[in-house]
2 protein chains.
Amino acid sequence: MTPCPPKTSCLTCRLSDLCLPFGLQIDEVETLEIIIKNKRPLRLNELLFTKDQECLSLFAVKSGSFRRFMINADGLEQTLGFYLPGELIGLDALFDGHFTCSVDALETSSVCELPLTRLNELCTKIPNLQYQLTRILSKEITTNHEQMFLLSNNSAKLKIATFLLMLSKRFGALGYSNTHFNLSMPRQVIASFLGLSNETISRQLTALCKENIISVNQRQVQIHDLTLLEAIIEPYHSH
Amino acid sequence: MTPCPPKTSCLTCRLSDLCLPFGLQIDEVETLEIIIKNKRPLRLNELLFTKDQECLSLFAVKSGSFRRFMINADGLEQTLGFYLPGELIGLDALFDGHFTCSVDALETSSVCELPLTRLNELCTKIPNLQYQLTRILSKEITTNHEQMFLLSNNSAKLKIATFLLMLSKRFGALGYSNTHFNLSMPRQVIASFLGLSNETISRQLTALCKENIISVNQRQVQIHDLTLLEAIIEPYHSH
DNA sequence: CGTTGTTTTGACACTAGTCAATGGGTGTGG
DNA sequence: CCACACCCATTGACTAGTGTCAAAACAACG
């Protein structure tokens, strides 16, 4: 018996500016809030949904982190992306109403559930909400492009550096430290995400430690020199 | 002096079911048609737009093919995706009004230009149009996920096989042959897209030829055994 | 304190990258 | 119409970077 979680309030949620309520009037946020359903928190490795399942709701990450994955040709789980607080899960299912990947929790995590039928109703009534949803969809596409840029680069060192910088940037945007954070995923998951072996992840991380660019203690990462890390991925400052 | 191209008509366009007009009433399509601007066709390697440029329009591919790319750490063009007829270009720019990649033509190609301000106006008036735009955004995300799945696989053979099947599927959906088609891009572009060297592309293609799965003559590809090709990426039929 | 799962490290094999040379197709100009 | 140049694709030889396998160190948990 888990106690009923407290009713969600977007108005007091510190993530609201990253999430669906961004750009909405107070009364519009209040209307949005009404349709949000509470779910009990998910535990480590617990599935939020699986591939091909019918999509009845979108989910916004309230706390913790999630992982998107599919099963690859070897029958192994291939990680395709991560979701941090404030991000929307399930956008790929708006096309035909079915999830195209599976998503599970990387740690104890919670989500706000947004039933699709009610969300669609609301979008027709609140133009700002429709507009923000479109913006979020577009941003997801940009994020995907950046991930592809990362992946089609063939050096392991470059991939790790980019991965760390990606996390740094996202944690920073959430108001956390961008130089000192915890990885919520094991090496194996990072490896399958980057298309590398977990041994290579280990070796590259220790290499970066020896260069005094970062220090790593288990899942705890500290970036000592953000500039040096960025120099790895942009040696000619060709931004 | 190029002659003025004939006025576009979505009603007679055989791509309309793949494109923005899908699901719209005839009168709604006619309204959409009014805002479409004609552009002269683009030649090989001609830029449609560049990264960071302000986005004033979306583009729908009418004929030919396009390439999305960015400049990587080595100062080289890294190909991030391809656009075939019926597909929308520029969706990543809806987030903040700036393109996040550059796009150029892989051959002589033409687009329908959709000015954003007028498209947005229309979306508020035609709910079906807004709905279809959302579906297209969502589909783009799914396509991206599939590309990431491709890229985070670390075998060159798997990447090539998946790449060929991806093209086969997309050409098939366009009503063309899914076993006999022309690549509009040089090996170098395929290589940068897959995160491989162009020599590896060559070698893998000749390997597939020697296995009698495909035959390749310059840019012309013929798939002899689609099942064998699929078996490469799904050895356990674990779909 | 033992069990389990994760991470690190080492040794070795192998895939794919690099460099270089060759071959083929296309287009231009004589 | 042919000769030449250019670009692209292919092939070979070699090397560097990663994957694989195995073992050990370490942390977490009951």
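Here is the naming used below: chain letters follow the sequence lines, and residue numbers restart at 1 for every chain.
- Atom NZ in B:K159 sits about 12 Å away from atom P in D:dT18, given to the nearest Å.
- We find that CG of B:L183 is positioned 10 Å from P of D:dT10, with the value rounded to whole Å.
- Note that the CG atom of B:L196 and the CG atom of B:L151 stand 9.0 Å from one another [nearest 0.5 Å].
- Looking at the side chain of B:R187, the nearest of the listed nucleotides C:dT7, D:dT10, C:dT9 is D:dT10.
- B:R219 has no side-chain polar atom (N or O) that falls below the 4.0 Å cut-off from OP1 or OP2 of D:dC8.
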Identify all pairs in which a protein N or O lies below 3.5 Å from an N or O of nucleotides 14-23 of chain C, and state each distance.
unit_1, atom_1, unit_2, atom_2, d
C:dA16, OP1, B:A156, N, 2.5
C:dG17, OP1, B:S197, N, 3.2
C:dG17, OP2, B:S197, N, 3.2
C:dG17, OP2, B:S197, OG, 2.9
C:dG17, OP2, B:T200, OG1, 2.1
C:dT18, O4, B:R203, NH2, 2.8
C:dC19, N4, B:E199, OE2, 3.0

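- Atom P of nucleotide D:dG17 and atom CG of A:L158 are separated by 13 Å, given to the nearest angstrom.
- Side-chain contact between A:N178 and A:F171 is absent, with no heavy atoms from C-beta onward closer than 4.5 Å.
- Close to D:dT11, at under 4.0 Å from its OP1 or OP2, lies a side-chain N or O of B:T206.
- Straight-line distance from the CG atom of A:D74 to the C1' atom of D:dT20: 13 Å, rounded to whole Å.
- Taking all atoms of both residues into account, the shortest heavy-atom contact from B:A93 to B:C55 is CB-CB, 3.5 Å.
- Separating the SG atom in A:C209 from the CD atom in A:E211 is a distance of 10.0 Å, to the nearest 0.5 Å.
- A:I89 CD1 to A:L58 CG: the interatomic distance, rounded to the nearest 0.5 Å, is 10.0 Å.
- Here the CD atom belonging to A:Q78 is positioned 3.5 Å from the OG atom belonging to B:S152, to the nearest 0.5 angstrom.
- With rounding to the nearest 0.5 Å, the separation of CG in B:L164 from CE in B:M166 is 9.0 Å.
- Across the protein-nucleic acid pair, A:L151 atom CG and D:dT18 atom C1' stand 16 Å apart, rounded to whole Å.
- Taking the six-membered ring for Trp and the full ring otherwise, the centers of B:F59 and B:F66 sit at least 6.0 Å from each other.
- Rounding to the nearest 0.5 angstrom, the gap separating the CD1 atom in A:I36 from the SG atom in A:C13 is 8.5 Å.
- The separation between A:M185 atom CE and C:dT6 atom P is 14 Å, rounded to whole Å.
- Atom-to-atom, CG of A:L106 to C1' of C:dT6 comes out at 15 Å; the value is rounded to the nearest Å.
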Between the protein and nucleotides 26-29 of chain D, which nitrogen or oxygen pairs are less than 3.5 angstrom apart?
none

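- Remark: P of D:dT20 and CD of A:Q188 are 10 Å apart, rounded to the nearest angstrom.
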